[in-house]
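Below, each value reflects all heavy atoms present in this structure, side chains not excepted, and no hydrogens, waters or symmetry copies.
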Amino acid sequence: MALSTHTTSTGFLLPSIHSAPPFFTQQPNPATEAIVIEQWTKLILSYARHRNLFYLRVEDAETGGDWDEVLRNDRINRRLPPTHLSSILAGMVAKNVATYEPAKQTRSVLLYWRLPEEWAEVLHQWASTTGQMNTIMTFYEITDPPVNSPLTNIPLPLLRKAITILAKSNRAQIIAIADGEGVRFFTPAK
């Protein structure tokens, strides 16, 4: 069987390796397994970015949901086993392209298809272009704006990391407000 790319129902182009049955199997050779994990990492992050997905759970290997078209391939009758997904997630966390969320468990990760530093730049650019400098905004106003933005539905742990990064360079300040947390953005000093 020749390996081929395939476009999913959501318009995502799966790489040809997704048609290889060994891709869905944990490899006994550590060097080969490292390559497989690297390929899965690229696939997971690019798919997450395509679909604007932030979380991946070991259970998704069984239940599918948003991840079904990536974690299985019906054309070759393969599905990624939960144990293999768990080792892939551990590899992603080790490479700092994901973090266990919530902390102190290993079954669910928050994916960094943009690193927190990149999200910080996106956030500051958004605040600047939408005229939010020196204005106090709630986290809700950022994650659920009236007009969709690159920050729509960003998870709060990731938003907090991005704001903390901006605060270290004096471009944002977290502020306690009546109904939770807010942030004020600043123009960087020249």
Do Leu156 and Trp126 share a hydrophobic cluster, counting only Ile, Leu, Val, Met, Phe, Trp and Tyr and linking them when any side-chain heavy atoms are less than 4.5 Å apart?
yes

Hey, does Phe185 have a side-chain heavy atom less than 4.5 Å from the side chain of Met137?
yes

Would you say Thr41's side chain and Ile37's backbone share a donor-acceptor pair under 3.5 angstrom?
yes

Check for a donor-acceptor pair, side chain of Arg79 on one end and backbone N or O of Ala61 on the other, with a separation under 3.5 Å.
yes

Could you state the interatomic distance from CD1 (Ile174) to CZ (Arg160), rounded to the nearest 0.5 Å?
7.5 Å

Pair Asp60, Arg107 - check salt bridge (Lys or Arg N to Asp or Glu O under 4.0 Å), show working.
CA-CA 10 Å; Asp60 291 328; Arg107 309 245 341 137; over 6 Å; no

Between CZ of Arg72 and NE2 of His18, what distance do you get to the nearest 0.5 Å?
10.5 Å

Does the Thr63 side chain pair with the main chain of Gly65, one donor and one acceptor, at a distance under 3.5 Å?
no

Would you say that Phe139 contacts Ile154 through its side chain, given a criterion of any heavy-atom pair below 4.5 Å between the two side chains?
no

Between Glu62 and Arg57, is a salt bridge (Lys or Arg N to Asp or Glu O under 4.0 Å) present by the stated rule, with each step listed?
CA-CA 10 Å; Glu62 296 169 324; Arg57 303 166 310 144; over 6 Å; no

Ser169 side, atom OG; Glu117 side, atom CD - distance, nearest 0.5 Å
11.0 Å

Atom CG of Asn29 with >12 non-hydrogen neighbours under 6.0 angstrom
yes

I need the single residue from Trp67, Tyr47, Phe23 that forms a ring-ring contact (aromatic ring centres under 6.0 Å, His included) with Trp40. Which is it?
Phe23

Is any side-chain heavy atom of Val109 closer than 4.5 Å to a side-chain heavy atom of Tyr100?
yes

For Phe186, what are the other residues in its hydrophobic cluster, where any two members join if their side-chain heavy atoms are less than 4.5 angstrom apart?
none

What distance do Leu45 atom CG and Lys95 atom NZ have between them, rounded to the nearest 0.5 Å?
11.5 Å

Decide yes or no for Phe12 and Thr7: does some side-chain heavy atom of the first lie under 4.5 Å from some side-chain heavy atom of the second?
no

Are the side chains of Trp113 and Asn52 in contact, using a 4.5 Å heavy-atom criterion?
yes

Where the side chain of Gln27 meets the backbone of Pro22, is there a donor-acceptor pair that is under 3.5 Å apart?
yes

Using side-chain heavy atoms (C-beta onward) and a distance below 4.5 Å, is Pro81 in contact with Gln26?
no

The side-chain contact (heavy atoms from CB on, under 4.5 Å) partner of Leu56 among Leu89, Ile88, Asp66 is Leu89

Taken to the nearest 0.5 Å, the spacing of Ile17 CD1 from Lys42 NZ works out to 9.5 Å

Within the side chain of Ser108, is there an N or O that forms a donor-acceptor pair under 3.5 Å with the backbone of Glu101?
yes

Quick one: does Trp119's side chain have a donor or acceptor within less than 3.5 Å of a partner on Arg114's backbone?
yes

Sidechain-backbone polar pair: Gln132 side chain, Thr130 backbone, donor-acceptor under 3.5 Å:
yes

One should read off an interatomic distance between Thr135 OG1 and Arg184 CZ, to the nearest 0.5 angstrom, of 8.5 Å

